[in-house]
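Here's the structure we're looking at; comments come further down.
Numbers for residues simply follow the sequence, beginning at 1.
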Amino acid sequence: FFSLLIKAKRKMSAISEDMCEIRKELEQENHDKCKKQWKAYEDCGERLEAAGGSFPEGATCEGWYHDYLHCMDNAVAKKLFAKLK
């Protein structure tokens, strides 16, 4: 029983790694579609660095990064699921 479980776990791990590689490739191909969101994220980071601590403690660019991720998810989703079928 345990040998079957170990084999199944190894197979699932290999599949998971393949899916991650496919997603990374698709993200690289689709980055241009989300340049606006990426630029807003980078601009936020530059503002935080330039302010040198004058922003409230804990200020981050997390919202801009989530906007970028949302854009990438939308750009990649259809192609990713088509490759996984």
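With rounding to the nearest 0.5 Å, the separation of OH in Tyr68 from CG in Asp73 is 10.0 Å. For the atom pair Cys44 SG and Glu49 CD, the distance stands at 10.5 Å (nearest 0.5 Å).
For Tyr41, the side chain to side chain donor-acceptor pair (under 3.5 Å) test picks out no residue, with sequence neighbours left out. Every residue two or more places apart in sequence or in another chain that forms a side-chain contact (heavy atoms from CB on, under 4.5 Å) with Glu27 is listed here: Arg23, Met72, Val76. In this structure, the side-chain contact (heavy atoms from CB on, under 4.5 Å) partners of His70, at least two apart in sequence or on a different chain, are Asn74. Judged as a side chain to side chain donor-acceptor pair (under 3.5 Å), and not counting sequence neighbours, the contacts of Glu42 are Trp38. Residues satisfying the side chain to side chain donor-acceptor pair (under 3.5 Å) test with Lys24, not counting sequence neighbours, are none. Under the rule for a side-chain contact (heavy atoms from CB on, under 4.5 Å), the partners of Glu62 that lie at least two apart in sequence or sit in another chain are Thr60, His66. Residues forming a side-chain contact (heavy atoms from CB on, under 4.5 Å) with Lys33 (at least two apart in sequence, or on another chain): Asn30, Ala75, Lys79. By the salt bridge (charged side-chain N to carboxylate O under 4.0 Å, His left out) test, Lys36 pairs with no residue at all, sequence neighbours left out.
For Arg47 and Asp43, the salt-bridge test fails: no basic side-chain N is under 4.0 Å from an acidic carboxylate O.
Taking every heavy atom of both residues into account, Cys61 and Gly45 meet most closely at SG-N, 3.3 Å.
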